[in-house]
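Note: hydrogens, waters and symmetry copies are ignored here, and every other heavy atom, side chains too, is used. Chain letters run A, B, ... following the sequence lines, proteins first, then strands; residues in each count from 1. These numbers were taken from a predicted model, which means no experiment stands behind them.
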Amino acid sequence: MSALPAAPSPARAAPGGALLGVARGLAARSLVNVTRRPSAVVPTIAMPLFFIVAFSGAFSSLTDIRGFPTDNPINWFMPWAIMQGAAFAGMGICFGVARDLEDGFYDRLLMAPTHRASLILGPMLAAVVRVLLPVVTVSAVGFLAGARLTDGPLGMVTLLVAAEGFALVAGLWGLGVVYRIREQKSSALIQVGIFVTMFLSVGQTPIDLQEGWLPHVARLNPLTYVIDMARAGFVGPITWADVWPGLVAIGVGLVVLGAWALTGFRRLVR
Amino acid sequence: MAVAAPAAGQARAGRERQIHLPAQALALAGRSVRSTARQPEMWLPSMIFPLLIAAVNNSAMAKAVLLPGFPPVDSVLQFLLPATVVQGVMFGAVSGGSDLALDIENGFFERLIASPVARPAILVGRLAGGAVLGACQAVIFVVIFRVFGAHVVGGPPAVLVLMAMAVMVTLMVGGITAAVGIRTGSQESVDAAFPLIFILLFMSSAFFPAELMDGWFRWMAEHNPLSWMIDAARRLVLFGFDWSDAAVAVVVPGLISVLTIALAVRQMRKRLERAR
């Protein structure tokens with residue numbers, strides 16, 4: 001991966017130009033915007049809550065199928081709903097960047113004496129914090145509705161790691177798109193990419209119970225392994241075999257989509 | 001006399017507008033269909049997403065057909081056909097309401113009001129355009145599902161009912177989105193209403209039999225009018241044509257569309273009053 005384009009030389013010497021400091025500032029701004037725009041929070045919290053209710057309600061009998069890994073529909077669908085919330089958290093920060101690009105604020109950021117890596121790092125930090133919204137709210141509702149950890153608190157750790165990883169990957173995908181299209185209408189393409197990937201995985205049923213073309217696609221879909229990791233603590237004892245493919249998938253996603261975002265950023269500042 | 005003349009002129013203009021209402025509605029419906037057809041981004045999602053979801057569910061829930069209580073089906077696709085039709089036309093109907101809001105945003109609505117067009121034609125034209133597209137969509141879904149092995153046991157009469165149901169659902173959803181669009185004049189507000197409609201669809205028996213649901217969710221699904229019409233249409237697809245099922249599939253969305261269109265008309269009257 002090549003280095004980011006250098007900012008004007010005074011930037012590096014500027015007191016406010018410290019990479020992490022600026023990134024933290026941008027992340028804070030992104031999070032403040034969330035509180036100012038309730039419409040930005042709704043998809044991150046309301047949609048996963050709706051999905052956990054709708055899926056575990058409508059498809060509750062799926063867990064009666066022989067071979068289903070759990071007999072508790074909430075256990076199956078709660079991690080799935082949280083992963084959707086994580087996707088919205090990651091995509092949400094990209095919508096904010098698209099808004100900044102459209103209204104000219106981003107141009108001012110590019111002119112500012114800051115390290116340009118902070119312009120990517122800032123939104124990513126915001127995504128990391130924003131994921132906590134669906135994790136906390138959907139987990140609370142899920143546990144009240146009957147979700148149970150099958151291997152103790154470690155199940156929440158694997159779920160959190162999966163959600164954070166997916167939010168970062170979704171955010172990098174979204175940033176790459178936004179840097180190329182530079183308009184808010186890029187949100188449609190970002191969402192299509194994420195949701196098609198989510199549907200072509202193990203959201204509703206495990207691979208072993210799928211038939212036809214889907215299981216072949218789901219096996220090739222890295223998100224399948226991340227979702228498996230998210231569910232590991234809700235369908236039985238957690239084993240390393242449940243976790244490492246998810247970690248590898250997140251790592252590969254971060255590298256590949258990080259390159260996608262960086263090349264988009266380079267085009268933007270060229 | 002000097003005072004009565006303008007009144008008589010207005011009355012004559014009003015009568016002429018009523019006489020020309022069908023032609024005007026037809027022209028505006030044609031405009032609506034053409035404008036949608038020219039923008040694939042308007043109708044492609046309403047074709048692709050329901051098909052994608054059906055394809056995924058067909059694979060993901062293939063073993064669900066073995067559950068006791070699941071209706072006898074050749075494949076999950078056959079079970080999902082009516083739900084996919086409803087889902088697709090709902091997507092399209094929302095974009096109809098969104099277009100009406102866009103007409104308001106970009107000033108076309110004001111120009112229509114200023115022109116000698118019968119007021120109902122503005123609404124009827126927009127809704128009728130969406131309804132035509134909805135019927136076409138139903139036929140396309142039936143053909144695609146047939147290619148993948150999901151046949152309609154009720155034959156051509158059942159397909160006609162699916163088309164009629166699609167038209168009614170388009171009017172039903174188009175009425176409510178038009179009401180929101182006219183009331184707010186904002187395309188964004190109409191688009192924001194879409195998740196609510198999506199929630200109603202999910203809380204029905206569209207994607208899974210209500211008999212296999214539990215608790216309050218089952219109660220919700222069983223009392224959701226969308227379930228009534230989808231279940232009736234599903235019986236036509238799975239078991240064969242039956243007049244009572246055909247009537248339920250068309251009359252339920254038809255009655256609701258009367259209410260939603262009345263709401264849209266009311267909002268239009270209010271907007272026209274505000275414009276005076």
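- A donor-acceptor contact shorter than 3.5 Å links the side chain of B/Thr260 to the backbone of B/Ser257.
- Of the two parts of B/Met203, only the side chain, counted from C-beta on, holds a non-hydrogen atom closer than 4.5 Å to a non-hydrogen atom of chain A.
- When heavy atoms are compared at a cutoff of 4.5 Å, B/Phe70 does not approach chain A at all.
- When ring centroids are compared, B/Phe79 and B/Phe207 stay outside the 6.0 Å threshold.
- Residue B/Ala206 does not touch chain A at all, counting heavy-atom pairs closer than 4.5 Å.
- Side chains of B/Glu222 and B/Ser227: a donor-acceptor N/O pair is absent below 3.5 angstrom, by distance only.
- Ranked by heavy-atom pairs shorter than 4.5 Å toward chain A, the options B/Ala210, B/Ala221, B/Ala60 are led by B/Ala60.
- Looking at A/Val202, neither its backbone nor its side chain comes within 4.5 Å of chain B, counting heavy atoms on both sides.
- Among A/Ala58, A/Ala46, A/Ala54, the residue making the largest number of heavy-atom pairs under 4.5 Å with chain B is A/Ala58.
- Neither the backbone nor the side chain of A/Phe195 comes within less than 4.5 Å of any heavy atom in chain B.
- For A/Trp76 and A/Phe68, the gap between ring centers is short of 6.0 Å.
- Ring geometry for A/Phe55 against A/Phe59 counts as perpendicular: the plane angle is over 60°, on a 0 to 90° scale with 30° as the lower cut.
- Heavy atoms closer than 4.5 Å to chain B are found in the side chain of A/Gln204, but not in its backbone.
- Taking B/Ser205, B/Ser204, B/Pro68, B/Ala55 one by one and counting their heavy-atom pairs under 4.5 Å with chain A, the maximum is reached by B/Ala55.
- Using the six-membered ring where Trp is involved, B/Phe202 and A/Phe50 have ring planes that are perpendicular, over 60° apart on the 30 and 60° scheme.
- With a 4.5 angstrom heavy-atom cutoff, B/Ile199 touches chain A via backbone and side-chain atoms both.
- When atom types are taken as modelled, the side chain of A/Asp228 and the backbone of A/Asp242 share no donor-acceptor pair closer than 3.5 angstrom.
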Test log, rule salt bridge (charged side-chain N to carboxylate O under 4.0 Å, His left out), inputs A/Asp208 and B/Lys63: CA-CA 10 Å; A/Asp208 296 341; B/Lys63 288 209 163 56; over 6 Å; no
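- Contact of B/Leu67 with chain A is made through the side chain alone, with heavy-atom distances under 4.5 Å.
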